[in-house]
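To start, the structure itself, in structure tokens.
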Number of protein chains: 2
Amino acid sequence: MFKLSKKVEYALISISHIKSSNTDKPISVRQISDKYNIPNELLAKILQTLSKVQILDSIKGPKGGYRLKSSLKDLSFVEFIEILEGPFGIADCMVDTDCSQLLNCNIINPMDKINSKIYKVFSDIKLKQLT
Amino acid sequence: MFKLSKKVEYALISISHIKSSNTDKPISVRQISDKYNIPNELLAKILQTLSKVQILDSIKGPKGGYRLKSSLKDLSFVEFIEILEGPFGIADCMVDTDCSQLLNCNIINPMDKINSKIYKVFSDIKLKQLT
DNA sequence: ATATATACGAGTTTTTTTATCGCATTTAAA
DNA sequence: TTTAAATGCGATAAAAAAACTCGTATATAT
Ligand code: SF4
Ligand code: SF4
């Protein structure tokens, strides 16, 4: 409960790794998955996602891999999470999902306040700070 | 990802309900599970837990049910969560669980900072505010 | 006595998360 | 121009966590 997903962690690890590698040569999925002990195919998908949303540049073919997108604007952590996991919310009624308690719910107001607080924490954190 | 569990929500709904009922008569599991559309047996377990940790008083037999424990001190939300869900942490390495990335993890420091921030939000919120 | 309630451990089902597979496409290098 | 190394992508499977059920015991008001 209340855990960051591995997807998010793997993505952060990768971005951080690519950033700190200080090279123009693309970094392959294999290099990262080997070093950090991440399932290769899974990581591949995640980096594909990051490439689709303009966080990474992908280079195909041998010696290919990923580079940080130079034009990358600084995303907030919550935006980053939503790219990988969909809409953010600490309870079902705060995202799309419906909830059997919604009709009579007597805690939705406080829940909503908590949600805002957590959302704010994650908005104030920027991707660049994390990597 | 990053959702409060139903367990926590059901517990909050129940405490809130009992509190706002403004009566000395014990409230049965059935009353709550009916009103809020919560599986009865599941809610029973949750209230048993709350009774064991001195949040609720249980009264057995016909006309029995639960009352708020009069001596209840104001718990923080994080303490409340930990009663129901065990140790709090936004990543495996921050609780007991081990993590395949721990050895080379390049994001553990920022993760730890985020964890502290979220922990603080949940410490600053008191159960009484929520119900 | 009986019916209504909590107590509690064990077990099941469902949902979510994590991981794998198979095949296609691209492209650098031999 | 052939080959091998890499990404792209949809489908599927396995594992873990969350949600829920069941069976049996115990207490108590009527
Ligand atoms: S806050 Fe209430 S309505 Fe929203 S998800 Fe939780 S129980 Fe359902
Ligand atoms: S922060 Fe690093 S070590 Fe901790 S759980 Fe995440 S990946 Fe594992």
Side-chain angles (χ1 to χ4, degrees), chain A residues 1-11 13-14 18 25-34 36-53 56-67 81 84-87 89-92 95-101, chain B residues 1-11 13-14 18 25-34 36-53 55-67 81 84-87 89 91-92 95-101:
Chain A
M1 206 207 72
F2 243 83
K3 287 243 168 63
L4 250 40
S5 71
K6 283 295 180 185
K7 227 158 131 180
V8 170
E9 291 204 312
Y10 293 163
I13 287 174
S14 301
I18 293 172
K25 278 184 268 184
I27 313 279
S28 72
V29 174
R30 177 65 60 190
Q31 288 175 63
I32 300 175
S33 67
D34 278 357
Y36 299 97
N37 200 30
I38 298 169
N40 186 263
E41 298 293 328
L42 179 53
L43 185 58
K45 296 225 122 160
I46 294 168
L47 298 193
Q48 279 159 33
T49 305
L50 297 182
S51 155
K52 256 187 290 191
V53 300
L56 298 178
D57 268 328
S58 78
I59 294 92
K60 286 186 180 178
K63 309 269 176 178
Y66 293 91
R67 268 196 291 252
I81 287 175
L84 293 164
E85 300 288 347
I90 65 163
D92 285 346
V95 291
D96 45 20
T97 333
D98 56 340
C99 166
S100 322
Q101 283 72 48
Chain B
M1 206 207 71
F2 244 83
K3 287 243 167 67
L4 249 40
S5 70
K6 283 295 181 185
K7 228 158 130 180
V8 169
E9 292 204 311
Y10 293 163
I13 287 175
S14 300
I18 293 172
K25 278 184 266 184
I27 312 281
S28 73
V29 173
R30 177 65 61 191
Q31 288 176 62
I32 301 175
S33 67
D34 279 357
Y36 299 97
N37 200 29
I38 298 169
N40 185 262
E41 299 292 329
L42 180 53
L43 184 58
K45 294 228 123 159
I46 294 167
L47 299 194
Q48 280 158 34
T49 304
L50 296 183
S51 155
K52 256 188 291 193
V53 299
I55 293 176
L56 298 178
D57 268 328
S58 78
I59 295 92
K60 286 187 178 177
K63 310 269 175 175
Y66 293 91
R67 267 196 291 252
I81 287 175
L84 293 164
E85 299 289 346
D92 285 346
V95 290
D96 45 19
T97 334
D98 55 340
C99 166
S100 321
Q101 284 72 47

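Keep in mind the model is a prediction, meaning the values are calculated, not measured. Letters A, B, ... mirror the listed sequences (proteins, then strands); counts begin at 1. Just so it is clear, the values below take in all heavy atoms, side chains as well, and ignore hydrogens, waters and symmetry mates.
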Item checked: Distance in angstrom units between A/Gln48 CD and C/dC21 P, rounded -> 17 Å
Check: Pick the nucleotide of DNA chain D nearest each of B/Pro62 and B/Glu85; which residue has the one closer to the 5' end?
Finding: B/Glu85
Notebook entry, point to check: Would you say C/dA19 has OP1 or OP2 under 4.0 Å from some side-chain N or O of A/Tyr10?
Noted result: yes
Next item on the list: Between C/dC8, D/dC9, D/dG8, spot the one nearest the side chain of A/Ser51, thanks.
Entry: D/dG8
Next item on the list: Find the distance A/Asp34:CG to D/dA6:P and express it as a whole number of Å.
Entry: 11 Å
Note to self: By nearest heavy atom, map B/Met1 and B/Tyr66 onto DNA chain C; which one lands nearer the 5' end?
What the structure shows: B/Tyr66
Next item on the list: Could you pick out which residue, A/Ser100 or B/Asp92, lies toward the 5' side of DNA chain D when each is mapped onto its nearest nucleotide?
Entry: B/Asp92
Note to self: Which nucleotide wins on minimum distance to the side chain of B/Lys60, given the candidates C/dT20, D/dT7, C/dA7?
What the structure shows: C/dA7
Note to self: Check whether A/Ser14 reaches the backbone of A/Tyr10 with its side chain - one donor and one acceptor, N or O, closer than 3.5 Å.
What the structure shows: yes
Check: Hey, which of these two, A/Asn40 or A/Lys63, hits DNA chain C nearer its 5' end, going by closest nucleotide?
Finding: A/Asn40
Check: NZ of A/Lys25 versus C1' of C/dA28: gap in Å, rounded?
Finding: 14 Å
Check: Could a donor-acceptor pair under 3.5 angstrom be found where the side chain of A/Lys45 meets the base of D/dG10?
Finding: yes
Notebook entry, point to check: Rounded to whole angstroms, how far apart are NZ on B/Lys6 and P on D/dT21?
Noted result: 14 Å
Check: Can you check whether A/Ser58 has a side-chain N or O nearer than 4.0 Å to OP1 or OP2 of D/dG8?
Finding: yes
Next item on the list: Check whether any side-chain N or O of B/Gln101 sits under 3.5 Å from a backbone N or O of A/Asn37 as a donor-acceptor pair, and report yes or no.
Entry: yes
Next item on the list: Report the distance from atom CZ of B/Phe2 to atom P of D/dA18, rounded to the nearest whole Å.
Entry: 13 Å
Notebook entry, point to check: Under a 4.5 Å cut-off applied to non-hydrogen side-chain atoms, are B/Ile18 and B/Tyr66 in contact?
Noted result: yes
Check: Without hydrogens or angle criteria, can the side chains of A/Ser58 and A/Gln48 be said to hold a donor-acceptor pair below 3.5 Å?
Finding: no
Checklist line | Length of the line joining B/Ile38:CD1 and D/dA18:C1', which is rounded to integer Å | finding: 15 Å
Margin query: What is the separation between atom CD1 on B/Ile46 and atom C1' on D/dA19, rounded to the nearest whole Å?
Written below: 9 Å
Checklist line | side-chain N/O B/Ser5 vs D/dA17 OP1/OP2, d < 4.0 Å | finding: no
Notebook entry, point to check: CD of A/Glu41 versus P of C/dT20: gap in Å, rounded?
Noted result: 9 Å
Next item on the list: Report which part of the nucleic acid A/Ile59 touches: base, sugar-phosphate, or nothing (heavy-atom distance under 4.0 Å, all strands).
Entry: sugar-phosphate
Next item on the list: May I ask you to decide if B/Leu84's main-chain N or O and B/Lys7's side chain share a donor-acceptor pair within less than 3.5 Å?
Entry: yes
